[in-house]
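Bear in mind that the values here come from a model prediction, so they are computed numbers and not experimental data. In listed order, ligands and their atoms are each counted from 1.
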Amino acid sequence: MAFHLAPSDSIELVQYIAPTPIPEPYWVGFSESVARLLEIPCQDGLPLNPEYLQLLAGNQTQLVTEGKTFAPFATAYSGHQFGVWAGRLGDGRAIYLGDIQGQEVQLKGAGQTAYSRMGDGRAVLRSSIREFLCSEAMHALGVPTSRALAVVGSDMAVARETLETAAVCTRVAPSFLRIGHIEHYGQNQMHDALRLTLDHLIEHHYPECANESTPYLKLLEQIAVRTARMVAQWQSLGFCHGVLNTDNTSLLGLTLDYGPFGFLDNFQIDHICNHSDQGGRYAYHRQPEILHWNLYCLASAMLLPLQEELQRVHGCSEEASIEMIKSTLDQFNREYALHWQSLFRRKLGLKTALAEDLPLLEQLMQALHQHQIDYTLFFRNLSEGLGVPHALETWYERYAQRLEIETESQDQRLEQMCHVNPKYILRNHLAQRAIERAQKKDFSEVQKLLKILESPFATQAVSEEYTQGPPPELAHLPISCSS
Ligand code: AMP
Ligand code: MG
């Protein structure tokens, strides 16, 4: 972890702090797939070693029987929230346990840290279940994301709009570094921390940059490329993040910090999933431009090392450096457009790429929006050869004509389309049902939903309701930042 390379243990960088225990923890959800990644032996769907329950509750920092001791810590970062500089934020409720099998492991909701500001350092059961299920759903959909090993609950009360109970979500990623970390070091002239972190990123996560003449510029480009591909995937799946602040934006191009996220039910191009986002800054159709904006924040934060490198290698003036940095950031738009088109061609089963595909796609988006068609069901029904709703027949005729150029058989095409157009996504009302049962201590629906979402493309022997949009009374569940 980069923080261990740090020249000092200033609170502006890191705070070594143990989680605050919670009373009488119990398992709410557990992912065997993530356990395998961490090489944690399991039996009957839970760790073989019973100490894990206390470890992941934040009640102990050792695995006595395995001779392992962790040195937990929280990190400082800053960031732009809703487009405005917010100053120092940091891990206010997420505490790093340490590394397991080369993955960083964090306990989210593990109590206060130096960065908690006014917060209680806790997460509620509701939001922990949402983060757990969505992390694993996104992974199964092929989207780069932090993973979630477990949710551990406790009857301890936590005050939000109403009284709720506490939970800890164990999340896992190759790195939890955010744009906000770089902004923090840049803003506070923490030059050593800035360079060490950039070098750490190159060494461990972007080795392709190491032998470039300008490694930092290459790093910026590669972060932009990964971010562009990630958001193109979000758009193609109808995923809205909800709070795309720079402190929630991964430096590895991972989907991070699941809060008031949502998958589109009926397609609405300007859908806002976050109840607190009145201006719609993070609406579905704005996500790519917002991430591009966030990358500008990243570039400004690492301006000094970038300029120094460009001056030394290419003899660039300040102005010339800035031009090079800007054109590097333009890669985002190119990469996004390419990836978006390629993903949507796959959704429609188009192997060849024609200029006329773009207007065909645009016509489809407009029709889906205008007629409020369920986004996931539309593409899945198309993939299962079930045709389209009446309102889309004009579009369908054009699409059918376009298909004549393709050389594959219809069966082959439909099969491939079923591998990219999911049948099962984490719709809000499905998450809500699992949450309400969990609040009554029945955790079976959390685990059932996890299993379904782990194979989103296969038709499973489960009730049709897992594929359907919400009933009208559950179509607009208010999901806010208060988690
Ligand atoms: P978020 O909107 O969840 O990404 O959080 C933004 C910032 O607020 C981060 O620095 C979080 O660590 C912090 N934060 C959010 N909720 C809490 C809480 N309950 N207690 C302490 N810090 C929190
Ligand atoms: Mg956050």
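By the 30° and 60° cut-offs, the orientation of the rings of Y26 relative to F443 is parallel. Between H292 and Y296, the angle of the ring planes goes over 60°, which puts this pair in the perpendicular group of the 30/60° scheme. Note: Y375 and F267 have parallel aromatic rings, judged against thresholds of 30 and 60 degrees for the angle between ring planes. Using cut-offs of 30° and 60° on the angle between ring planes, the pair Y282 and F82 is tilted. Taking the six-membered ring for Trp and thresholds of 30 and 60 degrees, F263 and F239 have ring planes more than 60 degrees apart, a perpendicular arrangement.
With ligand atoms numbered from 1 in the order given, ligand 1 contributes 4 (O) to contacts under 4.0 Å with heavy atoms of N248. Contact atoms of ligand 1 toward L89: 10 (O) (distance under 4.0 Å to a heavy atom of the residue). Within the listing of ligand 1, atoms 19 (N) sit less than 4.0 angstrom from a heavy atom of R122. Each of the following atoms of ligand 1 lies closer than 4.0 Å to a heavy atom of G92: 12 (O), 20 (N), 21 (C), 22 (N). Atom numbering of ligand 1 starts at 1 in the shown order; those under 4.0 Å from a heavy atom of D257 are 4 (O). Close contacts of ligand 1 with G121, meaning ligand atoms under 4.0 Å from a residue heavy atom, involve 18 (C), 19 (N), 20 (N), 21 (C).
H205 and H200 have their aromatic ring centers within a separation under 6.0 angstrom.
Judged by the shortest distance from any of its heavy atoms, G259 lies outside the 4.0 Å radius around the atoms of ligand 1.
Side-chain atoms of D155 do not come within 3.5 Å of backbone N or O of E24 as any donor-acceptor pair. In this structure, E136 contributes its side chain and L453 its backbone to no donor-acceptor pair below 3.5 Å. A donor-acceptor pair is defined here as one N or O able to donate and one able to accept, closer than 3.5 Å; such a pair exists between the side chain of R380 and the backbone of N421.
Of the candidates R93, R122, E131, E164, S483 forms a side-chain hydrogen bond (donor to acceptor under 3.5 Å, both in side chains) with just one, namely R93.
Of the candidates Q81, R93, R160, R93 brings a heavy atom nearest to atom 14 (N) of ligand 1.
Closest to atom 10 (O) of ligand 1, if we only count protein heavy atoms, is G90 O, 2.6 Å. Taking atom 7 (C) of ligand 1 as the reference point, the nearest protein heavy-atom neighbour is R117 NH2, 3.2 Å. Looking only at protein heavy atoms, the nearest one to atom 19 (N) of ligand 1 is D120 OD1, 3.0 Å.
Coordination check, D257 versus the Mg ion (ligand 2): passed, since an N/O/S atom of the residue sits under 2.8 Å. Residue side and main chain included, N248 places an N/O/S atom under 2.8 Å of the Mg ion (ligand 2).
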Quiz item: How far apart are the C-alpha atoms of R88 and E12, what are their side-chain angles, what is the distance that settles it, and do they pass the salt bridge (Lys or Arg N to Asp or Glu O under 4.0 Å) test?
Solution: CA-CA 9 Å; R88 191 178 81 184; E12 286 304 335; 3.0 Å; yes
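For V243, no heavy-atom contact with ligand 1 is shorter than 4.0 Å. By the criterion of a heavy-atom distance under 4.0 Å, neither the backbone nor the side chain of M118 is placed next to ligand 1. Neither the backbone nor the side chain of Q112 has a heavy atom within less than 4.0 Å of ligand 1. Of all the heavy atoms of Y77, the ones lying under 4.0 Å from any atom of ligand 1 belong exclusively to the side chain.
Atom 5 (O) of ligand 1 is not flagged as protein-proximal [any protein heavy atom, distance under 4.0 Å].
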